[in-house]
2 protein chains.
Amino acid sequence: MTDTTPAPETETGLKDTFVSGYLLYLLAAASEAASAQFHARVREEGLRVPEWRVLACLHDRDGAMVTRLAQFALIEQSRLTKIIAQMEDRGLVTRRGDPEDRRRTRVYLSSEGRALAEALVIEARRHEADLLNILAGSDGARIKQALRALIDRLAPAETLDA
Amino acid sequence: MTDTTPAPETETGLKDTFVSGYLLYLLAAASEAASAQFHARVREEGLRVPEWRVLACLHDRDGAMVTRLAQFALIEQSRLTKIIAQMEDRGLVTRRGDPEDRRRTRVYLSSEGRALAEALVIEARRHEADLLNILAGSDGARIKQALRALIDRLAPAETLDA
DNA sequence: GAAATTTACATGAAATTTCATGTTTTGTGG
DNA sequence: CCACAAAACATGAAATTTCATGTAAATTTC
């Protein structure tokens with residue numbers, strides 16, 4: 001009941017293979033493998049992956065506050081602050097204090113940033129479609145559900161809003 | 001045919017939410033969410049995540065060469081070299097040149113390293129079982145298959161052997 | 001079998017990330 | 001309203017990571 005999948009033994013007959021079937025390994029490895037190509041494209045665009053993530057989040061919700069951005073872009077706060085500073089220097093985003101709550105800093109796409117974000121989101125969607133096609137029919141649909149289930153049950157699903 | 005899942009709109013009605021349904025985001029976020037707890041345990045043990053990965057790989061295949069270790073531990077080679085150096089200083093592993101191919105450096109667990117590796121692998125297995133139980137019945141089994149499918153089709157599946 | 005390539009790893013400098021902490025502004029209990 | 005706690009960012013120093021490159025050993029070519 002715990003695990004129906006037989007341990008994936010190699011033909012050389014390893015005594016006790018742990019890593020290659022371990023869920024956390026599969027998740028990390030799948031994430032890496034699936035992202036590799038597109039992230040290479042991102043870097044061709046002169047962006048690092050975290051910067052692309054910021055752009056993508058702002059594409060969804062322009063003017064997001066730093067903390068939320070950090071949650072969605074999967075970047076630690078102090079790191080994000082520095083990344084945003086760099087992006088601001090490069091003219092991709094703008095920072096503006098929130099008059100409603102003056103502790104907050106809201107981040108906005110510049111027109112250049114928006115253009116880049118939109119272009120990349122389009123490419124990302126295309127790439128995603130390719131990936132899903134790679135997976136056998138039902139898998140493609142199901143994997144998203146499973147991942148979402150994992151996330152929802154492990155992390156308190158927040159929104160980029162507010 | 002491309003995507004049956006309706007875009008997960010928030011109650012505030014965002015125009016065009018991309019990120020929260022994007023496969024690469026789901027993969028990264030799921031990986032993070034699923035790993036968080038266990039990785040915290042790893043750090044309690046005084047290890048950083050990459051170090052734990054090295055231990056886990058060596059648990060499967062003691063005396064692995066650096067390049068393979070890097071592939072399986074998902075760590076870039078020059079980084080791994082430095083991590084291994086640190087681990088050697090802490091007495092967790094040993095480095096020894098391979099007489100068969102003197103370019104290679106093989107990494108071996110020390111007895112302390114092995115003890116730690118085995119203890120953590122046991123905990124990891126328990127934790128994985130918990131995770132799989134969190135997922136609705138069939139999801140647990142299917143997600144691994146889907147992840148493996150992704151990995152296999154995107155990365156040339158190698159082995160830790162040799 | 002010598003030269004050219006490739007593989008495996010190490011290394012140094014520059015850049016980034018982490019961690020703890022500082023500052024400012026809000027929220028809260030009394 | 002005041003004291004206190006919490007939230008949201010910013011920041012600096014230390015540590016790590018990255019990137020390009022260096023070295024040595026094996027492999028391939030011709």
Side-chain angles (χ1 to χ4, degrees), chain A residues 28 32 36 39-40 42-44 46-54 57-58 61 63-90 93-108 156 158-162, chain B residues 28 32 35-36 39-40 42-44 46-54 57-58 61 63-90 93-108 156 158 160-162:
Chain A
E32 282 232 336
H39 286 176
V42 165
R43 277 184 287 273
E44 281 177 19
L47 292 174
R48 289 169 301 167
V49 172
E51 292 172 330
W52 145 243
R53 288 188 171 148
V54 168
C57 287
L58 292 177
R61 184 83 183 74
M65 53 183 281
V66 174
T67 304
R68 286 294 170 76
L69 218 42
Q71 295 173 346
F72 275 79
L74 306 173
I75 303 174
E76 187 267 338
Q77 180 263 313
S78 78
R79 173 144 94 104
L80 178 59
T81 290
K82 287 162 186 169
I83 289 174
I84 288 175
Q86 293 175 321
M87 294 178 75
E88 188 165 37
D89 292 341
R90 286 178 53 183
V93 301
T94 290
R95 248 188 302 204
R96 209 174 330 140
D98 183 336
E100 308 281 301
D101 184 338
R102 296 170 45 218
R103 292 169 300 183
R104 293 179 177 174
T105 301
R106 290 194 176 277
V107 187
Y108 300 89
E158 313 222 21
T159 320
L160 245 183
D161 300 337
Chain B
E32 282 232 336
S35 306
H39 285 176
V42 164
R43 277 184 289 272
E44 282 178 18
L47 292 175
R48 289 169 301 170
V49 172
E51 293 172 329
W52 145 243
R53 288 188 171 147
V54 168
C57 288
L58 292 178
R61 184 83 181 73
M65 54 183 282
V66 173
T67 303
R68 286 295 171 79
L69 218 40
Q71 295 174 347
F72 275 79
L74 306 172
I75 303 173
E76 187 267 338
Q77 180 264 312
S78 77
R79 173 143 96 103
L80 178 59
T81 290
K82 287 163 186 170
I83 289 173
I84 288 174
Q86 294 175 320
M87 294 178 74
E88 188 165 37
D89 292 342
R90 288 178 52 186
V93 301
T94 290
R95 248 186 304 203
R96 210 175 327 141
D98 183 336
E100 307 281 302
D101 183 338
R102 292 171 45 221
R103 294 169 300 181
R104 295 180 175 173
T105 300
R106 291 194 175 275
V107 186
Y108 299 89
E158 313 223 20
L160 247 182
D161 300 338

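Proteins get letters first, then strands, A, B, ... in listed order; numbering begins at 1 in each. In this text the structure is predicted, and so the values were computed from the model without any measurement. All values below come from the heavy atoms of this structure, side chains included, with hydrogens, waters and symmetry mates left out.
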Nearest-angstrom distance from the residue atom [atom1] of [X] to [atom2] of [N]:
{"X": "A/L74", "N": "C/dT18", "atom1": "CG", "atom2": "C1'", "answer": "17 Å"}
{"X": "B/R106", "N": "C/dA8", "atom1": "CZ", "atom2": "P", "answer": "11 Å"}
{"X": "A/E51", "N": "C/dA15", "atom1": "CD", "atom2": "P", "answer": "14 Å"}
{"X": "B/I83", "N": "D/dT16", "atom1": "CD1", "atom2": "C1'", "answer": "9 Å"}
{"X": "B/E76", "N": "C/dA10", "atom1": "CD", "atom2": "C1'", "answer": "12 Å"}
{"X": "A/I75", "N": "D/dC9", "atom1": "CD1", "atom2": "P", "answer": "14 Å"}
{"X": "A/E88", "N": "D/dC9", "atom1": "CD", "atom2": "P", "answer": "14 Å"}
{"X": "A/R96", "N": "D/dC9", "atom1": "CZ", "atom2": "C1'", "answer": "17 Å"}

query = For the base of C/dC9, is there a side-chain donor-acceptor partner from B/S78 under 3.5 Å away?
reply = no
ask   = Hey, is the side chain of A/Q77 pairing donor to acceptor with the base of D/dA8 inside 3.5 Å?
value =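 Looking at the base of D/dA8, it does not pair with any donor or acceptor on the side chain of A/Q77 (distance under 3.5 Å).
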Within the pair [X] and [N], is there a side-chain N or O less than 4.0 Å away from OP1 or OP2?
{"X": "A/R103", "N": "D/dC9", "value": "no"}
{"X": "B/R95", "N": "C/dA10", "value": "yes"}
{"X": "A/R48", "N": "C/dT16", "value": "yes"}
{"X": "A/R104", "N": "D/dC9", "value": "no"}
{"X": "B/T67", "N": "C/dC9", "value": "yes"}

request  = Output all residues satisfying side-chain hydrogen bond (donor to acceptor under 3.5 Å, both in side chains) with B/E44, sequence neighbours left out; order by chain, then residue number.
outcome  =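 Scan of B/E44 (side-chain hydrogen bond (donor to acceptor under 3.5 Å, both in side chains), adjacent residues dropped) gives B/R41.
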request  = Name all residues meeting the side-chain hydrogen bond (donor to acceptor under 3.5 Å, both in side chains) criterion together with A/R103; count only those two or more places apart in sequence or in a different chain, and write none if there are none.
outcome  = A/D101
note = So CZ of B/R53 and CG of B/L58: to nearest 0.5 Å the spacing works out to 14.0 Å
key: Interatomic spacing from CE in B/M65 to OG1 in B/T105 - rounded to 0.5 Å   =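 Nearest 0.5 Å value for the CE-OG1 distance: 8.5 Å.
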query = Do A/E76 and A/R79 sit within salt-bridge range, that is, some charged N less than 4.0 Å from a carboxylate O?
reply =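 No, no charged N to carboxylate O under 4.0 Å.
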key: Nucleotide paired to D/dC30 in any strand shown, Watson-Crick or G-U, under 3.5 Å   =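 Here D/dC30 is engaged in a pair, and the nucleotide opposite it is C/dG1.
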message = If you assign B/P50 and A/R79 each to the DNA chain D nucleotide with the nearest heavy atom, which residue ends up on the more 5' nucleotide?
response = A/R79
ask   = Which sits closer to the 5' end of DNA chain C, B/R43 or A/Q86, going by the nucleotide each is nearest to?
value = A/Q86
request  = Tell me which of B/K82 and B/V66 sits closer to the 5' end of DNA chain C, going by the nucleotide each one is nearest to.
outcome  = B/V66
